[in-house]
Number of protein chains: 2
Amino acid sequence: MSTVTAATDLQCCPPITEAALDDETAHRLAGVFSVLGDPIRLRLFSLIASRPEGSCACDLVGPLGRSQPTISHHLKALHEAGLVDRERRGRWIWYSVRPKALLAAATLISC
Amino acid sequence: MSTVTAATDLQCCPPITEAALDDETAHRLAGVFSVLGDPIRLRLFSLIASRPEGSCACDLVGPLGRSQPTISHHLKALHEAGLVDRERRGRWIWYSVRPKALLAAATLISC
DNA sequence: GCTATATATCGATGCTTGCCAATATAGATA
DNA sequence: TATCTATATTGGCAAGCATCGATATATAGC
């Protein structure tokens, strides 16, 4: 996982088949891919994405067999990559996917 | 980058918003994402993808400022992840993108 | 304020990965 | 066979990352 600029908007870009990526764009996009490149993070992301209303962090710690600090660490990575939104509700924090993030990646990849 | 089963067909699977990924699927897909999660590999992939006829490995060593063994190493990773095809032509080896790979990832991500 | 709960951060550790120099392999040509 | 070229593999190192226990922060309710 490379360093990622915190929580910036994920911009859409032309499909990857259109033109070779420049260095800066490649770094930015690779950052997103590398965040999805860890099985635990990908499952976290899919758990969040599978619920339209989002997920409470408290429901994400149990299912994956990792400690609370580890889950928190991965959620932070997903958030900083711009893949999920966070919202505090009282004592709990709710995570939900950012549709823009999905769109950007899909646009990149689709031919 | 996690270990990836060599050059298997990338299967399409339901969009990530449909249902949470099981462990095995997450590992397989995360393997693909992590391969695209390195800036040099992503640029290599985009260089290959930007030419319909594919690219000779000899044309991929220069542009990215990495040694020949390093480029070869990354090309192997792209190939083993099922993202690109290889074909020997005399002394040269040609790489081309596998459309199925793009489709699978796009399907996963699109809502 | 005090306590309980939910989440984040810190510090340390072991594993993984990107990188290069050196070397090996494989095909072409003579 | 010998030689040249293109690509792959090996070995080793340094940096990065996933992980956990311990601790800190923040909110709710008393």
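In what follows, every chain begins at residue 1, and chains take the letters A, B, ... in the order their sequences are listed.
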Nearest-angstrom distance from the residue atom NZ of K76(A) to P of dT25(D): 15 Å

For dA18(D), does either OP1 or OP2 sit under 4.0 Å from a side-chain N or O belonging to H73(A)? yes

Please report, rounded to the nearest Å, how far the P atom of dA8(C) is from the CD atom of E87(A). 14 Å

Could you tell me if the side chain of V84(B) sits less than 4.5 Å from the side chain of L75(B), heavy atoms only? no

Taking the minimum atom-to-atom distance to the side chain of S72(A), which one of dA18(D), dC20(C), dT9(C) wins? dT9(C)

How would you label the contact of I40(A) with the nucleic acid (heavy atoms, under 4.0 Å): base, sugar-phosphate, or nothing? sugar-phosphate

Indicate the atoms forming the closest heavy-atom contact of A30(B) with L42(A), along with that distance. N-CD2, 3.6 Å

Please give, in whole Å, the distance from dT7(D) C1' to L75(B) CG? 10 Å

I want to confirm an ordering. Mapping P69(A) and D38(A) to their closest nucleotides on DNA chain D, which one lands closer to the 5' end? D38(A)

Rounded to the nearest angstrom, tell me the gap between atom CZ in R41(B) and atom C1' in dG18(C). 8 Å

Salt bridge (Lys or Arg N to Asp or Glu O under 4.0 Å) against D23(B), all qualifying residues, sequence neighbours excluded: R43(A)

Check whether any side-chain heavy atom of H74(A) sits under 4.5 Å from a side-chain heavy atom of D38(A), and report yes or no. yes

Just checking R89(A): base, sugar-phosphate only, or nothing, at a heavy-atom cut-off of under 4.0 Å? nothing

Is there a side-chain contact between L36(B) and R41(B) (heavy atoms, below 4.5 Å)? no

Between N or O atoms, less than 3.5 Å apart, protein on one side and nucleotides 2-6 of chain C on the other: list the pairs.
residue	atom	partner	partner atom	Å
dT5(C)	O4'	R91(A)	NH1	3.4
dA6(C)	O3'	R91(A)	O	3.4

Q68(B) CD to dT25(C) C1': how many Å, rounded? 12 Å

Tell me the interatomic distance from D59(A), atom CG, to dT7(C), atom P, rounded to whole angstroms. 9 Å

Spacing between H74(B) atom NE2 and dT7(D) atom P, to the nearest angstrom: 17 Å

Which atoms form the tightest heavy-atom contact between G54(A) and W94(A), and what is the distance? O-CZ3, 3.7 Å

Check whether any side-chain heavy atom of D85(B) lies under 4.5 Å from a side-chain heavy atom of V97(B), and answer yes or no. no

Would you kindly give the NE2-to-C1' distance between H79(B) and dT9(D), to the nearest whole Å? 16 Å

Distance test, side-chain N/O of R86(B) to OP1/OP2 of dA8(D), below 4.0 Å: yes

Please tell me if T70(B) has a side-chain N or O lying less than 4.0 Å from either OP1 or OP2 of dC20(C). yes

